[in-house]
Amino acid sequence: MGELNAFDKSLLNMLQGSLPVCSRPFAALGDALGADEQTVLARVRALKAAGYLRRIGTFFNSAQLGYKGTLVALEVAPEAVTAVAEYINQYPGVTHNYEREGRYNLWFTLNTCSPQQERQILAQIKGLPGVVDMLNLKANKKYKINVQFKLH
């Protein structure tokens with residue numbers, strides 16, 4: 001695909017926070033960008049195929065929906081990291097999962113609808129082969145940021 005052109009950068013900027021909620025959002029984006037709906041859809045497909053775009057979706061307020069979240073740090077034996085990460089990823093409440101340097105080398109976030117469900121999932125994960133230690137780092141207060149990468 002090569003370098004991003006000005007149209008692609010403008011489209012990616014809009015997709016990060018300005019996707020209209022309407023029956024034809026890509027037509028509306030096209031109007032804003034001076035293009036037609038088919039051009040916008042073609043560029044979105046090309047950007048996704050080239051790896052610039054992973055997904056288009058919305059963020060929900062998980063707390064408003066009744067979910068509680070936690071950040072979990074695991075110490076995992078190096079030979080077990082991939083298997084443990086794949087196991088963790090099976091849970092629909094896992095939103096992020098990262099391998100990191102240091103003693104606690106696998107970190108993930110987990111949203112659950114009850115403390116019992118959280119305890120059950122974390123007990124299963126703690127019992128996995130290769131898991132040495134676990135820290136359950138509950139949030140005291142959430143400070144939300146809106147990360148958008150402004151492409152110029």
Considering non-hydrogen atoms only, spot the tightest contact between [X] and [Y] and give its length.
| X | Y | result |
| --- | --- | --- |
| K9 | L4 | CE-O, 3.7 Å |
| Q117 | S114 | N-OG, 3.0 Å |
| G69 | N111 | CA-OD1, 3.2 Å |
| I88 | V94 | O-CG2, 3.4 Å |
| S10 | L33 | CB-CD2, 3.6 Å |
| M14 | A32 | CE-CB, 3.5 Å |

Check: Considering only heavy atoms from C-beta outward, does the side chain of L19 approach that of T58 to under 4.5 Å?
Finding: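 Not touching, per the 4.5 Å side-chain cut-off.
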Check: Do the side chains of L74 and F108 get nearer than 4.5 Å, heavy atoms only?
Finding: yes
Group every Ile, Leu, Val, Met, Phe, Trp and Tyr by side-chain heavy-atom contacts under 4.5 Å, then state whether [X] and [Y] land in the same group.
| X | Y | value |
| --- | --- | --- |
| I125 | L71 | no |
| W107 | V131 | no |
| L110 | L128 | yes |
| V132 | L135 | no |
| M134 | V76 | yes |

Next item on the list: Give the C-alpha distance, both sets of side-chain angles, the deciding distance and a yes or no for side-chain contact (heavy atoms from CB on, under 4.5 Å) between V44 and I56.
Entry: CA-CA 10 Å; V44 166; I56 297 172; 3.9 Å; yes
Between [atom1] of [X] and [atom2] of [Y], what distance do you get to the nearest 0.5 Å?
| X | Y | atom1 | atom2 | result |
| --- | --- | --- | --- | --- |
| T39 | L29 | OG1 | CG | 12.5 Å |
| E99 | L106 | CD | CG | 7.0 Å |
| L47 | R54 | CG | CZ | 14.5 Å |
| L65 | C113 | CG | SG | 11.0 Å |
| L12 | L151 | CG | CG | 5.5 Å |

Margin query: If the threshold is 4.0 Å, N to carboxylate O, is there a salt bridge linking E118 and K68?
Written below: no
Next item on the list: Taking atom OH of Y104 as the centre, report whether more than 12 heavy atoms of other residues, nucleotides or ligands fall under 6.0 Å from it.
Entry: yes
Notebook entry, point to check: Is atom CD of Q64 surrounded by more than 12 heavy atoms (other residues, nucleotides or ligands) closer than 6.0 Å?
Noted result: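 No, the 6.0 Å shell around CD holds no more than 12 heavy atoms from other groups.
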Next item on the list: Please work out which of the three classes, parallel, tilted or perpendicular, describes the rings of H96 and Y98, given edges at 30° and 60°.
Entry: parallel
Check: Can Y91 and T112 be said to form a side-chain contact (heavy atoms from CB on, under 4.5 Å), step by step?
Finding: CA-CA 10 Å; Y91 293 103; T112 56; over 6 Å; no
